[in-house]
Amino acid sequence: DFIPDKYFVMQNHICEAHGLIRTNCMMIAMLDEHHVDYEHYLIDGIYSKVGIREAIKKQRRTNPNPKFCRAPFTSVYYKGSNNSVAFCCAQDDREKLVEHDNSISKWWNSTYAKEMRKSFIDGNFPKISCAKCEWQETNGMSSDRTSFRNLPLSTINVNEGIVEKDPQYLDYRPDNLCNLMCTMCSPSNSNLIEKIYRDNADVFGYHVVNEYQDSIEDRKEIIFDSNLINKDLLKLKVLGGEPTINKKVHRVFEYCIDKGYAQNIELLMTSNFTNLNATYKYLDHFKTVKNSASVDATGPTYEYIRQPAKWRQVKKNILEFDNRYKDNKKFKMGLNCVFQLVSAFTVKDWLPELLTFYYDELKIKKNEINMDLIDPTGGPLGKGLTFASLPPRFKEIVISDLTDVHNQFKNHENEDLKKNITDMIVALEYQKYDYQTLLKGKLKIATLDKAKGTDLRTLHPLYKELLEYEE
């Protein structure tokens with residue numbers, strides 16, 4: 001009864017005009033003109049009077065302002081490598097679970113959690129926690145807040161989130177076990193990067209040990225005994241490290257299947273696609289599956305960033321996944337791309353290939369590419385790989401290259417593709433140059449190159465200029 005692609009832009013205009021969050025109710029309201037009840041449901045020749053009115057009523061009742069986020073009322077993010085907990089992965093001030101007696105239930109009902117919920121009910125982004133989403137939305141970019149929009153929310157409560165229900169969305173990241181050492185990664189997300197940090201303490205300083213422990217019993221009590229995986233769970237998100245090589249992730253999948261919960265759960269998985277191993281045998285048991293590939297470039301730039309992965313093999317694996325599931329309506333593809341300093345000067349080489357590969361070659365149902373940025377506040381030398389390390393002359397070159405790519409695709413029918421490029425330009429223009437940040441970036445790149453056996457200068461002559469740049 002509705003055509004989502006045809007009415008997507010109309011939905012966005014309606015939501016922006018009324019300060020609404022898009023809902024399934026509104027999707028159902030968009031009747032095709034050939035529908036038997038089309039004329040009956042029109043308002044002013046445009047909107048379905050039942051669906052739009054009900055959507056507005058529902059949003060004003062449960063989401064009284066456009067800044068409302070459902071995550072603090074519905075969701076739990078758990079990171080086993082440092083035993084931290086939050087409402088979502090974008091949240092800046094994650095709490096150590098040990099501060100709540102290693103009880104997720106106590107954290108869920110803590111003063112901290114209640115204050116987060118009250119901020120959104122009052123129409124405000126929490127001052128510290130949600131700065132990333134606030135910045136992205138202020139600059140016209142998509143934020144993680146959209147991930148929670150379709151979670152049902154009939155009655156909200158400051159103290160308990162959803163009255164008489166357990167959290168509906170679990171983002172589970174058991175530890176930092178990984179088979180790659182990506183340039184922009186942190187010790188909490190890769191045990192290989194953590195080793196580099198430990199071996200170069202004079203550069204990166206002291207950090208809390210996160211390294212993967214080879215025991216699937218580790219953290220077992222928190223995840224299973226907290227009853228986070230139960231009949232109320234609607235969404236399960238798994239990352240790592242790399243989830244396909246992690247027995248703890250397999251254990252969670254098996255638990256969901258054995259208990260009969262999987263058939264009601266939407267599974268979200270992010271993988272580096274370096275393999276298509278036995279992990280994939282579990283996926284068919286879930287209600288729906290969205291598998292997102294972490295791909296930050298193509299060719300030599302990809303292989304520089306995601307050492308020791310090979311782009312040719314990763315591309316082959318993605319194509320095999322596409323061929324295997326393209327006709328299965330349960331499956332959807334996603335792609336996460338971190339746009340960063342070390343991929344900026346080669347953008348004309350890799351971006352057209354990546355956009356064409358994802359939007360034109362893959363036949364599976366898919367979302368738009370999630371074009372992400374490095375968190376400028378994260379970790380030792382964290383700002384060094386952001387665009388704050390680009391002096392104006394260098395930044396103008398990259399913006400010009402992106403403009404050329406945009407012109408190359410100006411007649412492409414996919415609006416998401418073109419938005420990806422404009423989002424990259426916005427990110428470049430927003431981050432202001434700082435020489436001290438560039439010095440941090442030089443030190444981080446030199447240290448990582450030595451440890452990984454890579455050399456950024458081989459990617460493009462401008463990198464040699466940048467690394468020799470002085471003021």
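Residues take their numbers from the sequence shown, with the count starting at 1.
The distance from atom NZ of Lys363 to atom NZ of Lys326, rounded to the nearest 0.5 Å, is 8.5 Å. Expressed to the nearest 0.5 Å, how far CG of Leu456 lies from OG1 of Thr458 amounts to 7.5 Å. Separation of atoms CG (Leu268) and NZ (Lys332) is listed at 9.5 Å; rounding is to 0.5 Å. From Lys237, atom NZ reaches atom CG of Leu239 across 6.0 Å, with rounding to the nearest 0.5 Å.
The backbone N or O of Leu373 lies less than 3.5 Å from no partner atom in the side chain of Gln340, so there is not a single donor-acceptor pair. Using a distance-only test at 3.5 Å, with no hydrogens or angles considered, a donor-acceptor pair links the side chain of Lys432 to the main chain of Glu429. Although no hydrogens or angles enter the test, the distance criterion places no donor-acceptor pair under 3.5 Å between the side chain of Asn200 and the main chain of Val203. Looking only at distances, a side-chain donor or acceptor of Lys96 sits under 3.5 Å from a matching main-chain atom of Asn82. Of the possible donor and acceptor atoms, one in the side chain of Arg145 sits under 3.5 Å from a partner among the backbone N and O of Phe68. Although no hydrogens or angles enter the test, the distance criterion places no donor-acceptor pair under 3.5 Å between the side chain of Thr437 and the main chain of Ala388.
Two rings, from Tyr169 and Tyr77, have their centers 6.0 Å or more apart. Checked against the 6.0 Å centroid threshold, Tyr78 and Trp107 do not count as a close aromatic pair. A ring-centre distance under 6.0 Å is found for Phe339 and Phe387.
Defined by atom type and a distance below 3.5 Å, a donor-acceptor pair is missing between the side-chain atoms of Tyr358 and Asn420. In this model, a donor atom of one side chain and an acceptor atom of the other lie less than 3.5 Å apart for Tyr469 and Glu471. Counting only N and O atoms by type, the side chains of Asp175 and Asn246 include a donor and acceptor under 3.5 Å apart. In summary, the side chains of Asn272 and Glu242 do present a donor paired with an acceptor at a separation below 3.5 Å, with no hydrogens or angles considered. At a cut-off of 3.5 Å, with distance as the only test, a side-chain donor of Asn275 or Asn277 sits close to an acceptor on the other residue. With no hydrogens or angles considered, no side-chain donor-acceptor pair links Thr301 and Asp349 at under 3.5 Å. Between the side chains of Tyr112 and Asp93, at least one donor-acceptor pair of N or O atoms lies under 3.5 Å. Side-chain contact check for Ser186 and Asn189: at least one donor-acceptor pair (N or O, by modelled atom type) lies under 3.5 Å. Side-chain polar atoms of Glu194 and Asn176 form a donor-acceptor pair below 3.5 angstrom. Side-chain contact annotation: Thr74 with Gln168, donor-acceptor N/O pair under 3.5 Å absent.
Figure legend: Lys452 and Tyr304 shown as a cation-pi pair, the cationic atom lying under 6.0 angstrom from the six-membered ring centre and within 45 degrees of its axis. A cation-pi arrangement, defined by a distance under 6.0 Å to the six-membered ring centre and an angle within 45 degrees of its axis, is present between Arg117 and Trp108. Judged by the 6.0 Å and 45° rule, Lys315 forms a cation-pi pair with Phe357.
Between Lys316 and Leu319 there is no side-chain heavy-atom pair separated by less than 4.5 Å. At least one side-chain heavy atom of Ser188 sits under 4.5 Å from a side-chain heavy atom of Lys79. Within the 4.5 Å cutoff, the side chain of Asn323 has no heavy atoms near those of the Ile364 side chain. Proximity of Phe204 to Leu443: side-chain heavy atoms (C-beta onward) are nowhere separated by under 4.5 Å. Using a 4.5 Å heavy-atom threshold, the side chains of Met424 and Lys419 count as separate. A heavy-atom distance below 4.5 Å is found between the side chains of Val238 and Leu236. The side-chain heavy atoms of Asp171 and Ser75, taken from C-beta on, include no pair separated by under 4.5 Å. Leu267 has its side chain out of reach of Thr288: every pair of non-hydrogen atoms, C-beta onward, lies at least 4.5 Å apart.
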Please evaluate residues Val252 and Tyr172 with respect to the criterion side-chain contact (heavy atoms from CB on, under 4.5 Å), reporting the C-alpha separation (whole Å), side-chain torsions for both, the decisive distance (0.1 Å), and the verdict. CA-CA 9 Å; Val252 167; Tyr172 176 54; 3.4 Å; yes
Go through Thr454 and Asp449 one step at a time and tell me if the side-chain hydrogen bond (donor to acceptor under 3.5 Å, both in side chains) criterion holds. CA-CA 5 Å; Thr454 52; Asp449 274 353; 2.8 Å; yes
Kindly determine whether Asp416 and Tyr359 satisfy side-chain contact (heavy atoms from CB on, under 4.5 Å), including the steps that lead there. CA-CA 9 Å; Asp416 289 336; Tyr359 286 110; 3.8 Å; yes
Could you give me the CA-CA distance, side-chain angles and deciding distance for Ser343 and Asp296, then say whether side-chain hydrogen bond (donor to acceptor under 3.5 Å, both in side chains) is met? CA-CA 8 Å; Ser343 63; Asp296 310 296; over 6 Å; no
Please determine whether salt bridge (charged side-chain N to carboxylate O under 4.0 Å, His left out) holds for the pair Asp372 and Lys132, giving the CA-CA distance in whole Å, both sets of side-chain angles, and the decisive distance to 0.1 Å. CA-CA 11 Å; Asp372 208 353; Lys132 181 179 179 181; 3.5 Å; yes
Step by step, work out the side-chain contact (heavy atoms from CB on, under 4.5 Å) result for Lys118 and Ile121. CA-CA 5 Å; Lys118 189 174 187 306; Ile121 290 175; 5.5 Å; no
Taking it one step at a time, do Ser271 and Asn291 satisfy side-chain contact (heavy atoms from CB on, under 4.5 Å)? CA-CA 7 Å; Ser271 169; Asn291 194 9; 4.0 Å; yes
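Salt-bridge annotation for Glu468 and Lys464: present, with a side-chain N of the basic residue lying under 4.0 Å from a carboxylate O of the acidic one.
Relative ring orientation between Tyr463 and His460 is described as perpendicular, the plane-to-plane angle rising above 60° on a 0-90° scale split at 30° and 60°. By the 30° and 60° cut-offs, the orientation of the rings of Phe125 relative to Phe120 is perpendicular.
When every heavy atom of Ser147 is checked against every heavy atom of Lys235, the shortest pair comes out as O-NZ, 3.2 Å. In plain terms, the two heavy atoms of Leu341 and Thr386 that are nearest each other are CB-O, 4.1 Å. The heavy-atom pair separating Cys178 from Gly241 by the smallest distance is CB-CA, 4.0 Å. The minimum heavy-atom distance linking Pro126 with Cys130 is given by the pair CD-SG, 3.7 Å. Across all their heavy atoms, Lys395 and Tyr433 have their closest contact at NZ-N, 4.1 Å. Across all non-hydrogen atoms, the minimal contact from Leu283 to Val289 is O-CG2, 3.4 Å.
The environment of CZ in Arg324 is crowded: more than 12 heavy-atom neighbours from other residues, nucleotides or ligands sit within 6.0 Å. Within a 6.0 Å radius of CZ in Arg94, other residues, nucleotides and ligands contribute more than 12 heavy atoms.
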Can I get a per-line list of side-chain donor-acceptor pairs under 3.5 Å for residues 397-409, giving both atom names and the distance, sequence neighbours left out?
from   : atom 1 : to     : atom 2 : distance (Å)
Thr403 : OG1    : Ile399 : O      : 2.8
Asp404 : OD2    : Lys348 : NZ     : 3.3
Asn407 : ND2    : Thr403 : O      : 3.3

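In this structure, the salt bridge (charged side-chain N to carboxylate O under 4.0 Å, His left out) partners of Lys418, at least two apart in sequence or on a different chain, are Glu415. By the side-chain hydrogen bond (donor to acceptor under 3.5 Å, both in side chains) test, Thr270 pairs with no residue at all, sequence neighbours left out.
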